[in-house]
There are 2 protein chains.
Amino acid sequence: MSRRGEAAWLKDYDASAYPPFALTVDLCIFTIRDDVLQVLLVRRSDHPYKGFWALPGGHVEHGRESAEDAAVRELCEETGIAWEGHLEQVRTYSDPQRDPRIKAGLQVASVAFAALAPSLPEPSAGSDAADVRWWPVAEVPELGYDHARILADALERVRSKLEYTSLATQFVEEPFSLGELRKVYTAVWGEAPDLGNFRRKVLSTPGFVVAAAARGESGGRPAQLYRRGEAVLLHPAMLRPSG
Amino acid sequence: MSRRGEAAWLKDYDASAYPPFALTVDLCIFTIRDDVLQVLLVRRSDHPYKGFWALPGGHVEHGRESAEDAAVRELCEETGIAWEGHLEQVRTYSDPQRDPRIKAGLQVASVAFAALAPSLPEPSAGSDAADVRWWPVAEVPELGYDHARILADALERVRSKLEYTSLATQFVEEPFSLGELRKVYTAVWGEAPDLGNFRRKVLSTPGFVVAAAARGESGGRPAQLYRRGEAVLLHPAMLRPSG
DNA sequence: ACAAAAGTGTTTTCAGTACACCCATGC
DNA sequence: GCATGGGTGTACTGAAAACACTTTTGT
């Protein structure tokens, strides 16, 4: 097939033959504050679901962005920081009834992402949000759209990814101690992995963490500090305490 | 928020304010034929990528379907059977440049699915395909769009899901012998798990398989037959031989 | 001295690995 | 008998679980 051949059919191509979908992204931005897993929610200042708490997100800009690009852009707009951490596509939600705008002839499909971050600055409400705040995942209020479902899926994804990847290191600021890293697992799983076994598992997995020279101080004995290693997958997995 | 309140803003909602996306599904339909993992491909009879082999798929019907619904419908159209097996959403591809129709002003986002099936009837070419056939995954030709990438992602998903779920049972017809089930792992991983260890792992996992009364005959000793159990997750996972 | 956090051993238990061996059937 | 596929046994190894214990700091 030649480039010239492509151009020919493109001239005749009728884009309007296909009814329009809107493509949006929804973000589950997780962090750990006060040793508890928290998620960023915004209170909607516009219809639909005006007044409801919901996941931050927005429209993918047509012709210029992928859903991933849009997620990074929205993350920046919502949290005020240039995103550099891990961004995980969870899944896409496209049920026609999931967004009330179907009644106006618009079917909205949304690509959900999970983002993990070390503790972030307190966010400030943007243009399209009446309020923004971190919520402990156990205390989230009723959410608009199908965001309760999306959040549940994202949470399960994060929990299980901790088991077989080095994802937990995305929640801590470098350099970090093994105690800090263990707190991540404790917060996400709701139960603390055994201290000794945890240390052995992390240190015996090549590339999970790499030692950093410095030592910090807190209340007790200074800890050896580490940075993130190159390893992504854990083989075998670190199993959560109660299966 | 009242229903009455919703109706009010909907009247003023301008759906055309958002540029149109097309939403499609791409299907990686896997089966095992001749003890080899195979995938269904179609040869495109229309632009774009006319003449290229590609994954089957098509447009989500606006206002009437979710991507999952569309996947089931396309599966039926492509393979001629009412789908009852497992359908796994892999991820969504939305890079503006992934589909040449962006030059005609249409950005096409595609939700990819992986479907697993026991051996299916030989497919016949449908209206929008010049040819249809099964391809061993090691021998697939050059593909149109970004389908090589999609297929690679789906393959990796299937391979890893065999490790920690009972997904393999979706590839065999009930009732099945453990030898048949083991062939699934062999085909997907490219290496045979140890016979004895495999049997022990499967039989010791509650709900992986349940014994069926009948016994079959082939060339050798008749095998105990099984049906799929209720278990979905394997804890701990069954690891593939070479990491 | 004592609290707090880091870090080390040790014993038990269990699961994965590798491989050898026995069973039932058709030809 | 022997090929074919089904099925069992066992010794070796290594990692996970549970828990006790020691070390180094701040106050």
Side-chain angles (χ1 to χ4, degrees), chain A residues 32 34-35 162-164 168 172 175-187 189 191-206 208-227 231 233-243, chain B residues 32 34-35 162-164 172-173 175-187 189 191-206 208-227 231 233-243:
Chain A
I32 290 172
D34 311 322
D35 296 341
L162 278 207
E163 290 190 271
Y164 63 94
V172 286
F176 51 86
S177 71
L178 293 191
E180 286 160 0
L181 187 60
R182 181 163 165 254
K183 277 185 179 172
V184 172
Y185 283 87
T186 309
W189 284 345
E191 192 171 351
D194 179 86
L195 173 68
N197 302 333
F198 175 80
R199 295 178 55 84
R200 260 186 300 274
K201 179 73 185 176
V202 171
L203 295 177
S204 70
T205 301
F208 195 159
V209 294
V210 293
R215 287 175 162 262
E217 76 276 7
S218 47
R221 171 175 171 176
Q224 172 68 50
L225 297 180
Y226 299 87
R227 298 185 172 277
L233 286 166
L234 271 50
H235 254 54
M238 168 143 44
L239 300 176
R240 23 184 159 169
S242 45
Chain B
I32 290 172
D34 310 323
D35 296 339
L162 278 207
E163 290 191 273
Y164 64 95
V172 286
E173 209 108 44
F176 51 87
S177 71
L178 292 191
E180 286 160 359
L181 187 61
R182 181 163 166 254
K183 276 185 179 171
V184 172
Y185 283 86
T186 308
W189 285 343
E191 193 171 352
D194 179 86
L195 172 68
N197 303 332
F198 175 79
R199 294 179 55 86
R200 261 186 298 273
K201 180 72 183 175
V202 171
L203 295 177
S204 69
T205 301
F208 195 158
V209 295
V210 293
R215 286 175 163 264
E217 76 275 8
S218 47
R221 170 175 171 177
Q224 172 68 50
L225 297 180
Y226 299 87
R227 298 185 171 277
L233 287 166
L234 271 51
H235 254 52
M238 167 146 42
L239 299 177
R240 22 183 161 172
S242 47

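Letters A, B, ... are given to chains in the order of the sequence lines, protein chains preceding strands, and every chain is numbered from 1. Both backbone and side-chain heavy atoms feed into the values below; hydrogens, waters and symmetry mates do not. Predicted, not measured: the structure shown is a model, and the values here were computed from it.
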Quiz prompt | Among dT24(D), dA6(C), dG6(D), the nucleotide that comes nearest once only the side chain of Ala223(A) is considered | solution = dA6(C)
Self-check item: Minimal non-hydrogen separation, Leu225(B) against Ser177(B), with atom names
Solution: CD2-N, 3.7 Å
Self-check item: Nearest-angstrom distance from the residue atom CG of Leu203(B) to P of dG6(D)
Solution: 13 Å
Self-check item: Atom-pair distance (CZ on Arg182(B); C1' on dG6(D)), nearest Å
Solution: 11 Å
Quiz item: Looking only at atom types and distance, does a side-chain atom of Arg240(B) sit under 3.5 Å from a main-chain N or O of Glu163(B), one as donor and one as acceptor?
Solution: no
Practice problem: May I have the distance from Gln224(B) (atom CD) to dC23(C) (atom P), rounded to whole angstrom? | Solution: 18 Å
Quiz item: Which pair of non-hydrogen atoms, one from Arg182(A) and one from Asp194(A), has the smallest distance, and what is that distance?
Solution: NE-C, 4.2 Å
Quiz prompt | Closest to the Arg200(A) side chain, choosing from dG7(D), dT10(C), dT10(D) | solution = dT10(C)
Self-check item: Nucleotide dA5(C), atom C1' - distance to CZ of Phe176(A) in whole Å
Solution: 18 Å
Practice problem: Could you grab the distance from atom NZ of Lys201(A) to atom OH of Tyr185(A), nearest 0.5 Å is fine? | Solution: 9.5 Å
Self-check item: Separation of atom CZ in Phe198(A) from atom P in dA6(C), rounded to whole Å
Solution: 11 Å
Practice problem: Would you classify Ser204(B) as touching base, sugar-phosphate or nothing, given that sugar-phosphate means primed atoms plus P, OP1 and OP2, and contacts are heavy atoms under 4.0 Å? | Solution: nothing
Quiz prompt | side-chain N/O Arg221(A) vs dT23(D) OP1/OP2, d < 4.0 Å | solution = no
Practice problem: Write down the atom of Leu203(A), the atom of Tyr226(A), and the distance for their closest heavy-atom approach. | Solution: CD2-OH, 3.7 Å
Quiz item: Of Asn197(A) and Gly196(B), whose closest DNA chain C nucleotide lies nearer the 5' terminus?
Solution: Asn197(A)
Exercise. Indicate whether OP1 or OP2 belonging to dA15(D) is found under 4.0 Å from a side-chain N or O atom of Lys201(A).
Key: no
Quiz item: Closer than 4.0 Å, any side-chain N/O of Arg199(A) to the OP1 or OP2 of dT8(C)?
Solution: yes
Quiz item: Base, sugar-phosphate alone, or nothing: which one does Leu195(A) contact when heavy atoms must sit under 4.0 Å apart?
Solution: base
Quiz item: Which whole-number value in Å describes the distance from Arg240(A) CZ to dA16(D) P?
Solution: 17 Å
Exercise. Take the protein atom CG of Leu181(B) and the nucleotide atom P of dG5(D), then report the distance between them rounded to whole Å.
Key: 17 Å
Exercise. Give a yes/no answer on whether the side chain of Ser177(B) brings an N or O atom under 4.0 Å of OP1 or OP2 in dG6(D).
Key: yes
Quiz item: CG of Leu239(A) versus C1' of dA17(D): gap in Å, rounded?
Solution: 11 Å
